[in-house]
Structures are given as structure tokens and as C-alpha cells.
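Comments concern the structure below.
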Amino acid sequence: QVQLVESGGGSVQSGGSLRLSCASHGYIAIGTRYCMGWFRQVPGEEPEGVAHIDTARSTMYADSVKGRFTISKDNGENILYLQMNNLKPEDTAMYYCAARLGYSCPDYLRSTDFTIRGSGTQVTVSS
């Protein structure tokens, strides 16, 4: 059973930066394809896909974060990152790390495609 644990959230002022980390715990066979990503959710709203990356290092970003956020993965340490720069108040949300094993990423962002998710880390951006 793979578990995902996020860290790195916090409170920053508009224009600031944060780096979220997501550590994978559990056995994943060498060579397993994956799609891993981040999505965010504000209470009362639908979850929003933020970015994803797959085994081939293909990435996709939501239009709202393009040019400001960067997703990356350290395969040696099995850690997924989300570098967030020039943060805006509208980026305030609970951020979740998620994964789907055995598949590459689709050509769209959709949080419900992931089958494994962490418990989330809060990001708050003040103006």
C-alpha cells in the first residue's frame, strides 16, 4: 500500500514562494509507470488540478499557474515537489499530492483520475 505525505505548506504574502514536498511510502516495483500530481481545493468548491508529471517526465499545468509553478520528481528519493513562485491570494487552498500507478498521465488535468492521495497541506496567501 503506497501512502503519500505532503509537507511545506504555510502562510506567505502575495508574491512570495513556497515549495511543497510529497514523500511516497510503500513498495513500488522498479519500472512501474506512474502519473503523479498536485491538486487543490477550497472549501465548498470543486477540486482543481494544478500540475502533473509522469514516468517520461511529461508535465502539464493549469493555466492559472503556468509560469509560476514547477512540478518535479526526485526518483532517487521518491519525492514529488511543487515549487510555487509569485503566489497570489487566489492560490490559497488545501494542496493534495496524488498518484495513479501503472499509467502515464492523460492530456488533461483531472483530480478524480488519481487513485492515491495524501491528506493535504494548507497554503494561505495574503494580499
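Under the 3.5 Å distance criterion, the side-chain polar atoms of Thr121 are matched with a main-chain donor or acceptor of Gly9. A donor-acceptor pair under 3.5 Å is formed between the side chain of Asp54 and the backbone N or O of Ser58.
Identified under the disulfide (SG to SG under 2.5 Å) test for residues 40-101, with sequence neighbours left out: Cys22-Cys97. Listed by first and then second residue, the disulfide (SG to SG under 2.5 Å) pairs that reach into residues 40-90 come to none, sequence neighbours excluded.
The hydrophobic clustering, which links ILVMFWY residues whose side-chain heavy atoms are closer than 4.5 Å, places Met60 and Leu82 apart. Under a hydrophobic clustering in which Ile, Leu, Val, Met, Phe, Trp and Tyr are joined whenever their side-chain heavy atoms come within less than 4.5 Å, directly or via other members, Val12 and Phe69 fall into the same cluster.
Residues forming a side-chain contact (heavy atoms from CB on, under 4.5 Å) with Glu90 (at least two apart in sequence, or on another chain): Lys88. Remark: Ala62 pairs with Glu48, Ser64, Val65, Leu109 by the side-chain contact (heavy atoms from CB on, under 4.5 Å) rule, at least two apart or across chains. Asn85 is linked by a side chain to side chain donor-acceptor pair (under 3.5 Å) to Ser17, Gln83, counting only residues two or more places apart in sequence or in another chain. Partners of Arg19 according to the side chain to side chain donor-acceptor pair (under 3.5 Å) rule, which considers only residues two or more places apart in sequence or in another chain, do not exist here. Among residues two or more places apart in sequence or in another chain, the ring-ring contact (aromatic ring centres under 6.0 Å, His included) test is passed with Phe39 by Tyr96. Residues that satisfy the side-chain contact (heavy atoms from CB on, under 4.5 Å) test with Thr115, not counting sequence neighbours, are Arg100. For the side-chain contact (heavy atoms from CB on, under 4.5 Å) test, residues two or more places apart in sequence or in another chain that qualify with Val123 are Leu18, Leu20, Met84, Tyr95, Val125.
To the nearest 0.5 angstrom, Leu101 atom CG is 11.0 Å from Phe114 atom CZ. Taken from OG1 in Thr59 to NZ in Lys73, the straight-line distance is 14.5 Å, to the nearest 0.5 Å. Rounding to the nearest 0.5 Å gives a distance of 8.5 Å between CG of Leu80 and OG of Ser21. Rounded to the nearest 0.5 Å, atoms OG1 (Thr124) and CE (Met94) are 9.0 Å apart.
Considering only heavy atoms from C-beta on, Ile71 comes within 4.5 Å of Tyr61 through its side chain. When side chains are defined from C-beta on, Pro106 counts as touching His52, because their heavy atoms get closer than 4.5 Å.
Contact record, Asp63 with Lys66: OD1-NZ, 3.1 Å, taken as the closest heavy-atom pair. Across all their heavy atoms, Ser127 and Ser14 have their closest contact at CA-CB, 4.2 Å. Contact record, Arg68 with Leu87: NH1-CA, 3.8 Å, taken as the closest heavy-atom pair. Of all heavy-atom pairs between Gln41 and Pro47, the closest is NE2-CD, 3.5 Å.
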I'd like a table of donor-acceptor pairs (distance under 3.5 Å, sequence neighbours excluded) in which one partner is a side-chain atom from residues 25-36, with atom names and distances.
| residue | atom | partner | partner atom | Å |
| --- | --- | --- | --- | --- |
| Thr32 | OG1 | Ala29 | O | 2.7 |
| Arg33 | NH2 | Gly102 | O | 3.3 |
| Tyr34 | OH | Asn75 | OD1 | 3.3 |

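Hydrophobic clustering, defined by side-chain heavy atoms of Ile, Leu, Val, Met, Phe, Trp and Tyr closer than 4.5 Å, leaves Val42 isolated from every other such residue. Here Tyr81 sits in one hydrophobic cluster together with Ile79; the rule is ILVMFWY side chains under 4.5 Å apart, joined directly or through other members.
A donor-acceptor contact closer than 3.5 angstrom links the side chains of Asp113 and Tyr108.
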